[in-house]
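Reminder, nothing fancy here: chain letters follow the sequence lines and each chain counts from 1.
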Number of protein chains: 2
Amino acid sequence: MKMMTIGKAAGKAGVGVETVRFYERQGLIEQPPKPINGGYRDYPEETVLRIRFIRQAQELGFSLREIAELLSLNADPSTDCADVRERAQGKLMEVERKIAQLDRMRLALERLIAACPGQGALKACSIIEALKGGEGVAAKPTQDKETTP
Amino acid sequence: MKMMTIGKAAGKAGVGVETVRFYERQGLIEQPPKPINGGYRDYPEETVLRIRFIRQAQELGFSLREIAELLSLNADPSTDCADVRERAQGKLMEVERKIAQLDRMRLALERLIAACPGQGALKACSIIEALKGGEGVAAKPTQDKETTP
DNA sequence: CTTGACACCGTACTATTATACGGAGTGTAG
DNA sequence: CTACACTCCGTATAATAGTACGGTGTCAAG
């Protein structure tokens, strides 16, 4: 039977061997047991999928800690369902917020592209305006007390 | 006239003073000139907007380097329009890819939440499957040569 | 049975993104 | 005019996410 060593697994997932080991140390993926008689570990296909998930999620702005939380939703069909549900709902809200923000950015970029070759009136569309609404979850800005007495 | 010191600007943007200085050093925001007779710098409102944009974009998975690229699209109505347009189109594709990925994750989370309280058949929906399609731009996985000779 | 590529493992180094510290200067409320 | 908070600037330290290195062990092709 074909044996998947760490190098093969890393290759299939598109990362380096050291990265796989790093994720193991962080508890993001499980290290397969070392064969009883010594020798090389055999990685299951699932590890490859997990690593790919991790990389994709990173590109979407999740930290490894957050990704661990996402993966934990997946991992335990045995654990308290209501708890998983609640955490999933939190993540869902986060995801929806990101989608909304990206959609604003998409619109801004589209406007920018549209405005570009037509006339010189490029000044009209500011990328910065794109993400105006939808505050991040933490660290609210201090209120600007209006000079309107 | 009201003067916005670095602390005020940082507060309005929801970051610390040190972070503002850091962004200045990175060239993400411009440091206002020091008043001729010494004293404190006066930050324009635009700086606050830029900082907020930076934080939002970071949550969407852009690095500071990428954010600098995004901001540069905004900055120069004078520069070569075709170039700006091209870069904007690249960013747009990136944004659309992210949206698609997040949409998959959203669906997976919704399925997870829906599957949760009904029956114990939670096993059915794997978060990991959510991001299957849509490879990241770089680092393609090595091809798994099928054992089908 | 040797040789070369890779696994194993611990430790060290790097890049990115901040945060903290310390000493001197500045602005303002009382 | 003094106390206190805040700015300024340079340097130091930290957290996150890897990446590299070096010595030893293992496997498999020739």
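- Residue Thr5(B) places at least one side-chain N or O under 4.0 Å from the OP1 or OP2 atom of dT7(D).
- Rounding to whole angstrom units, CG of residue Asp42(B) and P of dT26(C) are separated by 17 Å.
- Distance Leu64(B) CG to dT16(D) P: 17 Å, rounded to the nearest Å.
- When each of dT19(D), dT7(D), dC9(C) is scored by its nearest atom to the side-chain atoms of Phe22(A), the top-ranked nucleotide is dT19(D).
- Contact annotation: Thr19(A) side-chain N/O to dA17(D) OP1/OP2 distance is not under 4.0 Å.
- Residue Tyr40(B) has no polar side-chain atom (N or O) positioned under 4.0 Å from OP1 or OP2 of dG25(C).
- Nearer to the 5' terminus of DNA chain C, by closest-nucleotide assignment, is the contact made by Lys34(A) (compared with the other of Lys34(A) and Gly38(B)).
- For the pair Lys98(A) and Phe62(A), the distance from NZ or CZ to the six-membered ring centre is under 6.0 Å and the angle to the ring normal is within 45 degrees.
- Using a 4.0 Å cut-off, some side-chain N or O of Tyr23(A) falls inside it from OP1 or OP2 of dG18(D).
- What separates CZ of Arg21(B) from P of dT13(D) is a distance of 20 Å, to the nearest Å.
- Following rounding to the nearest Å, Arg25(A) (CZ) and dT16(D) (P) show an atom-to-atom distance of 15 Å.
- The distance between atom NZ of Lys8(A) and atom P of dA5(C), rounded to the nearest whole Å, is 15 Å.
- Between the CE atom of Met3(B) and the C1' atom of dC8(D) there is a distance of 12 Å, given to the nearest Å.
- Residues Val95(B) and Asp103(A) have side chains not in contact (no heavy-atom distance under 4.5 Å, counting atoms from C-beta outward).
- Between Gly39(B) and Ile54(B), the residue anchored nearer the 5' end of DNA chain C, judged by the nucleotide with its closest heavy atom, is Ile54(B).
- Crowding of Gln26(A) atom CD: a count of heavy atoms from other residues, nucleotides or ligands under 6.0 Å exceeding 12.
- Contact between the side-chain N/O atoms of Gln58(B) and the OP1/OP2 oxygens of dT16(D) is not found at any separation under 4.0 Å.
- Here Ser63(A) does not reach the OP1 or OP2 of dT16(D): none of its side-chain N or O atoms lies under 4.0 Å away.
- Among the protein residues, Glu24(B) comes within range of no part of the nucleic acid, since none of its heavy atoms lies under 4.0 Å from any strand.
- Under a 4.0 Å N-O distance rule, the pair Glu96(A)/Arg106(B) does not qualify as a salt bridge.
- Taking the side chain as every heavy atom from C-beta outward, Arg52(B) and Ile128(A) never approach each other to under 4.5 Å.
- Residue-level contact check: Arg41(B) touches the backbone only, with heavy atoms under 4.0 Å from sugar-phosphate atoms and none from bases.
- Phosphate contact (OP1/OP2 of dG18(D), side-chain N/O of Gln26(A), threshold under 4.0 Å): absent.
- Leu28(A) places its CG atom 13 Å from the P atom of dT16(D), with the value rounded to the nearest Å.
- Whole-Å rounding puts the Arg65(B) CZ to dT16(C) C1' distance at 9 Å.
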